[in-house]
Q: 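After the structure tokens below, expect a handful of questions from me.
Treat the numbers as computed from the prediction; the structure is a model and nothing was measured. Residues take their numbers from the sequence shown, with the count starting at 1. Whatever order the structure lists them in is the order used to number ligands and atoms, beginning at 1.
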Amino acid sequence: MTLAAGTEPEPTPHATPETVPAHVGIIMDGNGRWANRRGLPRLAGHHAGTENVRRITVACADAGVECLTIYAFSTENWRRPADEVFGLMRLLAQRIDKEAAELHRNNVQIRHIGALEGIQPRLVDRIKAAVALTRNNTGLVLNVAFNYGGRAEIARAVQRALATGIRPEELTEEVVDRHLDTAGLPNLDLVIRTGGDFRLSNFLLWQAAYAEYYSTPICWPDFGREELYQAFSEFGRRVRRFGGLS
Ligand code: IPE
Ligand code: IPE
Ligand code: MG
């Protein structure tokens, strides 16, 4: 996959890894620290971080990943200072404008998980337009977790299921699963966290039940194709037992 405008060519051709997860989730952490270390404002880190989304999306598509879920803004990130929150919203709006058409040309299907309530109407319209534009694409699914929290998603799924009129005893795991924002996506195989922490921070709580975890100290703006494929190789060496015996 190539993304034309503004895409820097990869310096050397990279062999794609042998084992490729179908669904990868990335907790894109460490933008602020990346900026701090360079004496830059935090928003410069977020800007560099959004640039990196393009690079990693291309690398995932090249490797044959079916779905990439990126954690862009959590329900808890509203606790940040208003100027950072506002800056993040503006960055997202700019990125959608910049990337949606190009992603569409590359057959990427853009999806959103999380709540659109409380988001500026103009931004909501842009998100909806990007999702609608790419709805029928058959390539990589780029699933953007924005204003997303795992607990809120589970509560929302239960509410949706109950609204169909089912009885309490009919509320099985499968029913909850079908009403999650991620309904229809492949099972989550691998969660990558950049920035060095070892926690989910409310990301895909339900879906991560049997996902493999990979944490790297590299901050998100510096996490490139090489590191991504290293994570895939490590994933390929893991023994997944799903509670059984191997
Ligand atoms: C992650 O980077 C991006 C978002 C949460 C939107 P941070 O902003 O959390 O960066 P650090 O953790 O402060 O370095
Ligand atoms: C997780 O990063 C959320 C996103 C990457 C969007 P945070 O920086 O918000 O996580 P905590 O606060 O360190 O747990
Ligand atoms: Mg952080």
Side-chain angles (χ1 to χ4, degrees), residues 23-57 60 67-96 98-99 110-120 123-124 126-127 130 141-154 156 180-182 185 188 190-208 211-224 227-228 231:
H23 185 172
V24 184
I26 305 187
I27 302 171
M28 310 185 291
D29 198 17
N31 291 347
R33 278 162 283 169
W34 182 93
N36 276 346
R37 283 175 203 153
R38 286 162 178 76
L40 297 168
R42 290 180 59 82
L43 270 173
H46 294 313
H47 190 270
T50 54
E51 290 284 337
N52 197 39
V53 169
R54 167 194 285 243
R55 189 158 66 135
I56 293 301
T57 303
C60 279
C67 177
L68 167 64
T69 298
I70 51 171
Y71 205 8
F73 192 86
S74 77
T75 46
E76 287 70 36
N77 288 145
W78 292 105
R79 294 179 186 154
R80 296 189 178 198
D83 61 340
E84 181 164 344
V85 170
F86 182 73
L88 279 164
M89 300 288 157
R90 205 182 45 216
L91 259 181
L92 184 76
Q94 285 169 355
R95 284 329 278 199
I96 296 175
K98 220 170 151 182
E99 308 286 350
I110 302 172
R111 289 182 52 153
H112 166 256
I113 57 171
L116 289 177
E117 289 85 45
I119 309 294
Q120 280 186 344
L123 180 50
V124 172
R126 279 170 161 151
I127 294 171
V141 175
L142 177 62
N143 187 33
V144 183
F146 174 74
N147 196 22
Y148 173 87
R151 289 182 171 193
E153 183 198 23
I154 294 168
R156 205 161 42 237
L180 290 168
D181 297 355
T182 52
L185 296 176
L188 184 67
L190 174 66
V191 174
I192 297 173
R193 181 164 189 142
T194 60
D197 283 312
F198 292 84
R199 57 174 170 263
L200 279 178
S201 302
N202 210 7
F203 183 56
L204 298 178
L205 297 184
W206 177 284
Q207 298 84 345
E212 296 295 323
Y213 291 84
Y214 183 91
S215 178
T216 168
I218 297 170
C219 290
W220 171 246
D222 287 334
F223 183 83
E227 288 78 24
L228 178 77

Q: Number the atoms of ligand 1 from 1 as they appear, then name those within less than 4.0 Å of a heavy atom of H46, with their elements.
A: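 Near H46, the atoms of ligand 1 are 3 (C), 8 (O).
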Q: Treating N147 as the side-chain partner and A115 as the backbone partner, does any N or O pair qualify as donor plus acceptor under 3.5 Å?
A: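 Answer holds: yes.
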Q: Keeping H112 on the side-chain end and F146 on the backbone end, is there a donor-acceptor pair under 3.5 Å?
A: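 Confirmed, H112 side chain pairs with F146 backbone.
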Q: Do any nitrogen or oxygen atoms of ligand 2 lie under 3.5 Å from a protein nitrogen or oxygen, and which ones?
A:
unit_1   : atom_1 : unit_2 : atom_2 : d
ligand 2 : 8 (O)  : D29    : OD1    : 3.2
ligand 2 : 8 (O)  : R80    : NH2    : 3.1
ligand 2 : 9 (O)  : N77    : ND2    : 2.9
ligand 2 : 9 (O)  : R80    : NH2    : 3.4
ligand 2 : 10 (O) : R193   : NH2    : 3.3
ligand 2 : 10 (O) : S201   : OG     : 3.4
ligand 2 : 13 (O) : R199   : NH2    : 2.8
ligand 2 : 14 (O) : R199   : NE     : 2.8
ligand 2 : 14 (O) : S201   : OG     : 2.6

Q: Look at the side chain of R193 and the backbone N and O of R199, then say whether any donor-acceptor pair between them is shorter than 3.5 Å.
A: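 Side chain of R193 to backbone of R199: a pair is present.
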Q: For the pair Y148 (side chain) and A72 (backbone), establish whether a donor and an acceptor sit closer than 3.5 Å, ignoring hydrogens and angles.
A: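 Side chain of Y148 to backbone of A72: no pair is present.
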Q: Kindly say whether P81 contributes a backbone atom to a donor-acceptor pair with the side chain of E84 at under 3.5 angstrom?
A: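 No, the answer is negative, given that no donor and acceptor are paired below the 3.5 Å cut-off.
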Q: Protein N/O/S atoms under 2.8 Å of the Mg ion (ligand 3)?
A: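 Result, waters dropped: D29 OD1.
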Q: In terms of heavy-atom contacts, does CZ of R38 have more than 12 from other residues, nucleotides or ligands at under 6.0 Å?
A: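 Counting neighbours around CZ of R38, more than 12 heavy atoms of other residues, nucleotides or ligands fall under 6.0 Å, so yes.
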Q: N77 side chain to S74 main-chain N or O, any donor-acceptor pair under 3.5 Å?
A: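 Pair found, side chain donor or acceptor close to backbone of S74.
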Q: Using only atom types and a distance under 3.5 Å, with no angle test, would you say the side chain of S215 pairs donor to acceptor with the backbone of D197?
A: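 Side chain of S215 to backbone of D197, a donor-acceptor pair under 3.5 Å: yes, one is there.
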Q: Check for a donor-acceptor pair, side chain of N31 on one end and backbone N or O of L43 on the other, with a separation under 3.5 Å.
A: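 Side chain of N31 to backbone of L43: no pair is present.
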Q: Carefully, step by step, assess W34 and H46 under the rule side-chain contact (heavy atoms from CB on, under 4.5 Å).
A: CA-CA 9 Å; W34 182 93; H46 294 313; over 6 Å; no
